[in-house]
2 protein chains.
Amino acid sequence: MKKKKVSITDLAKELNVTPSTVSRALNGLGNISTKRKEQIVNLAQKYGYRPNHIAKSMVSNKTFNIGLILPEFTHNYFNNILAGIESITYQKGYQLLICTSDALKEKEEKSCMTLLDARVDGILAAAGNSSDNLDHFSKIIDYGTPLVLLDRICEDLNTSYVITNDFDGAFEAVQYLIDSGCHNIVHIKGPDYISTSFNRFLGYQQALKKNSLNYREELVIAGDSEFFLDDVNNILNTFPIDGFFAFSDYNAYEVVKVLKQRDCKIPEDISVIGYADEPLAQYISPQLSTVKQPAYEIGKRAAEILLKIIEENIEVPMTEQLKTSLVHRETTKNKFISI
Amino acid sequence: MKKKKVSITDLAKELNVTPSTVSRALNGLGNISTKRKEQIVNLAQKYGYRPNHIAKSMVSNKTFNIGLILPEFTHNYFNNILAGIESITYQKGYQLLICTSDALKEKEEKSCMTLLDARVDGILAAAGNSSDNLDHFSKIIDYGTPLVLLDRICEDLNTSYVITNDFDGAFEAVQYLIDSGCHNIVHIKGPDYISTSFNRFLGYQQALKKNSLNYREELVIAGDSEFFLDDVNNILNTFPIDGFFAFSDYNAYEVVKVLKQRDCKIPEDISVIGYADEPLAQYISPQLSTVKQPAYEIGKRAAEILLKIIEENIEVPMTEQLKTSLVHRETTKNKFISI
DNA sequence: AACTATTAGGCAAACGTTTGACTGGAATTT
DNA sequence: AAATTCCAGTCAAACGTTTGCCTAATAGTT
């Protein structure tokens, strides 16, 4: 049975003073004689008094809670983001209220309302893949609750963002493939309506163009297709492929498996680059070259920005772009040797 | 700037009724004429009225928040636990307040107080590795806040638990090694003061005993030793080792790497079994045989039990033990063929 | 028409805290 | 001695809800 905890009023009664006096004594504000203060503090200590945050929130209109909406927690990327966020919120004395959206718009909407109803001081969210309607996020903005969006830009939403430069990350990866001698590079792409995957796709195209290679639609495969493995095999049967740039490490891993089955030499015959630097990249063999996203940093910066907005009452949205970096492992050739 | 949201009192004023009437109308309780009710509901809708959970909590002494304390969120095991918990709390309308302890007693203690101060309805916690003092958890119990502990049993703490049978899991793994022809089995063990790793150690010993094999202290290596790799090599140089049973998949992975370096045939010469079924087990090559812990289930059951305690006001602690299962992959021989 | 029963809604306290305005008395100044 | 300043602490409202108790008015019964 939940016990009733001792309140300021209880302490006040016992000492025949008013709650306001106790409050002032405990908070070190207002005019209070030293002995009275001591007396109150001692009694509070004796009873193990703990201020009721709920009541505090009522009057201050501040909860010290931050809402967090992420698609899921089973992939490493989001966990590192979470860890990064937590590192900041913990230090600043905020608690995290978390919601998973499963990338479903419906759950995402519900989560927004829940967090708003909980009167969180701010919200951090990574939008799922539901393309169009972002009314629920506008609602947060309308309510005046600070909002920082992670990872994906949503054009219509005038709020703060922390993103990575997907275009550059992809460009760099493809440039690397080209520099190491690849000319027929397949792109495994993600859904177009997600800004991240679309930008990686653009980066791929731009890198080809910059190096006077033709962009060929036939060399692009959808990573979420149910015929993905067939598509990969078909393309290998049809074209003299020498490189893969995949939108995700998971897709890249699938490709590596197919290549191993076909007894291709990696990276001598065919190079592969993934995206995200999920842990599996280090565990598979050959170890996967990939574009590392600074997930922990993303979370950290997003939390920093959100708290800045909250605490300094900043109205103008800020966007911060963090840099990706290419991690060269065993599925790419050393470009300086093989040019 | 955070906007003031419309309150029940605002609605009441506009309609010249009292807040109580509005409250009753909105909650469907009490005596209210249909037209008045309609009128109030419509106005609430018009203004997008949303009840203030904080205020509700004040009067009901219930927050619909559950506190969660986990050591960290960068390992898969805890994320699956989190996902399992979330699946239940979401469905039942509770929010999760999360704290990481980094397995540090100090942070763990602070988290307990924070959650208690936040007046959560219950707490789920996986104790870190700080052996001794568990006063902070007793404090939760003393305050009468329902507590379910995950993963590790803490003898002195009379509360509810959801655990897995580490002893049996280890026993089964070692029995499997023996059945598939191993006689000189090394155990990579975890810290003694954690019940889970100690029980796995006991399971290892017991399995040897049951099969009339001598337990030899020389065949036990501490997985967290800084000389771990040296220890593995030494033991391989000194004894005719044919099997490894590791306290964790990470240690098992290290062992596999050493064995590959030494050109041992896995599993023909030496078998390896890990623990936990982390994703890496499937990604490394050869794929790692391991003892699978039902992390998602653990979280799910723990949340179910906690909510049951909260909602039905149950006083007597319950302990639930979930079953592990041996996953036979490529680092173990098929025992039926090789006996 | 007189009485009872029912209904719609108001009143006020409560949850625990903070905070601006106020007051009685002591201490200080003139 | 009178006037002023200061101090320690009280008062009461406020935050947004809920809820037991009460009352006025209406409806229903003889």
Side-chain angles (χ1 to χ4, degrees), chain A residues 2-41 43-44 47-65 113 116-121 143-145, chain B residues 2-41 43-44 47-65 116-121 143-144:
Chain A
K2 230 165 153 181
K3 290 194 185 62
K4 203 177 157 307
K5 298 176 183 67
V6 44
S7 76
I8 260 187
T9 322
D10 298 332
L11 298 179
K13 272 188 195 134
E14 176 144 349
L15 293 175
N16 282 317
V17 294
T18 58
S20 24
T21 309
V22 177
S23 172
R24 290 189 229 263
L26 261 19
N27 294 314
L29 307 166
N31 303 324
I32 277 176
S33 68
T34 337
K35 40 200 167 338
R36 177 98 319 161
K37 184 168 172 174
E38 230 171 66
Q39 184 189 27
I40 290 174
V41 169
L43 193 71
Y47 284 143
Y49 166 77
R50 300 244 101 207
N52 184 327
H53 277 200
I54 309 268
K56 268 193 164 124
S57 295
M58 275 251 62
V59 10
S60 67
N61 201 27
K62 181 149 170 60
T63 57
F64 281 94
N65 286 164
M113 291 321 290
L116 251 17
D117 289 350
R119 266 45 177 188
V120 293
D121 295 339
Y143 272 174
T145 300
Chain B
K2 228 165 155 181
K3 291 194 184 63
K4 204 178 155 305
K5 297 174 184 69
V6 42
S7 74
I8 261 187
T9 322
D10 298 331
L11 298 179
K13 271 189 195 132
E14 177 145 347
L15 293 175
N16 282 315
V17 294
T18 58
S20 25
T21 308
V22 178
S23 171
R24 289 189 235 260
L26 261 21
N27 294 313
L29 307 166
N31 304 324
I32 277 177
S33 67
T34 337
K35 41 202 166 337
R36 179 96 321 158
K37 183 168 174 175
E38 233 170 64
Q39 184 190 28
I40 291 174
V41 169
L43 193 73
Y47 284 145
Y49 166 77
R50 298 245 104 206
N52 184 326
H53 277 199
I54 309 268
K56 270 194 164 126
S57 295
M58 275 250 60
V59 10
S60 67
N61 200 28
K62 181 150 171 56
T63 56
F64 281 93
N65 285 165
L116 252 15
D117 288 350
R119 263 54 174 181
V120 293
D121 294 339
Y143 272 173

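Just so it is clear: chains get the letters A, B, ... in the order the sequence lines come, proteins before strands, and each one is counted from 1. It should be emphasised that the depicted structure is a prediction, and the values quoted were computed from it without experimental measurement.
For the atom pair OH of A:Tyr143 and CZ of A:Arg119, the computed distance is 7.5 Å after rounding to the nearest 0.5 Å. Note: A:Ile54 CD1 to B:Asp117 CG = 10.5 Å, rounded to the nearest 0.5 Å. Taking CD1 from A:Ile40 and OG from A:Ser33, the interatomic distance works out to 8.0 Å, rounded to the nearest 0.5 Å. The CZ atom of A:Phe64 sits 9.0 Å away from atom NZ of A:Lys56, with the distance rounded to the nearest 0.5 Å. From B:Lys5, atom NZ reaches atom OG1 of A:Thr145 across 4.5 Å, with rounding to the nearest 0.5 Å.
When the side-chain nitrogen and oxygen atoms of B:Thr21 are compared with OP1 and OP2 of C:dG10, one or more of them lie within a distance under 4.0 Å. Between B:Arg36 and the phosphate of C:dG9, there is a side-chain N or O to OP1/OP2 separation shorter than 4.0 Å. An OP1 or OP2 oxygen of C:dT18 is reached within less than 4.0 angstrom by a side-chain nitrogen or oxygen of A:Asn27. Checking the phosphate oxygens (OP1, OP2) of D:dG16, a side-chain nitrogen or oxygen of B:Lys4 falls inside 4.0 Å. Between B:Ser33 and C:dG9 there is a side-chain N or O to OP1 or OP2 distance below 4.0 Å. A sub-4.0 Å separation between OP1 or OP2 of C:dG10 and a side-chain N or O of B:Thr18 is present. Distances shown here put a side-chain N or O of B:Ser23 below 4.0 Å from the OP1 or OP2 atom of D:dT18.
Under the 3.5 Å distance criterion, with hydrogens and angles disregarded, a donor-acceptor pair is assigned to the side chains of B:Thr18 and B:Thr21.
As a whole-Å value, the separation of B:Lys5 NZ from D:dG16 P is 10 Å. Here the C1' atom of nucleotide C:dT17 and the CG atom of A:Asp10 are 13 Å apart, to the nearest Å. C:dG9 atom C1' lies 15 Å from atom CG of B:Leu26, rounded to whole Å. Rounded to whole Å, atom C1' of C:dT17 lies 12 Å from atom CG of A:Leu11. Between the CG atom of A:Leu15 and the C1' atom of D:dG9 there is a distance of 13 Å, rounded to whole Å. As a whole-Å value, the separation of A:Tyr47 OH from C:dG16 P is 16 Å. Look at NZ on A:Lys35: it is 7 Å from P on D:dG9, rounded to the nearest Å. Regarding B:Tyr49, its OH atom lies at a distance of 10 Å from the P atom of D:dG16, rounded to whole Å.
Looking at heavy-atom distances under 4.0 Å, B:Asn31 makes contact with a base. Within the nucleic acid shown, B:Asn16 comes within 4.0 Å of sugar-phosphate atoms alone, with no base atom in reach, counting heavy atoms only. Contacts of B:Ser7 with the nucleic acid, taken as non-hydrogen atoms under 4.0 Å apart, involve only primed sugar atoms and P, OP1 or OP2. No engagement by B:Arg119 is indicated, since no non-hydrogen atom pair under 4.0 Å with the nucleic acid exists. A:Ser20 comes within contact range of at least one nucleobase, with a heavy-atom separation under 4.0 Å.
Of the candidates C:dC11, D:dG16, C:dT18, C:dT18 carries the atom nearest the A:Ile8 side chain, counting heavy atoms from C-beta on. Candidate nucleotides D:dT17, C:dT18, C:dG16 were compared by shortest atom distance to the side chain of B:Met58, and C:dG16 ranks first. Listed candidates were C:dT17, D:dG16, D:dT10. Nearest to the side chain of B:Ala55 is D:dG16.
The base of C:dG10 lies close enough to the side chain of B:Arg24 for a donor and an acceptor atom to sit less than 3.5 Å apart.
Of the residues near DNA chain C, A:Pro51 and B:Ile32, the one whose nearest nucleotide (by heavy atom distance) lies more toward the 5' end is B:Ile32.
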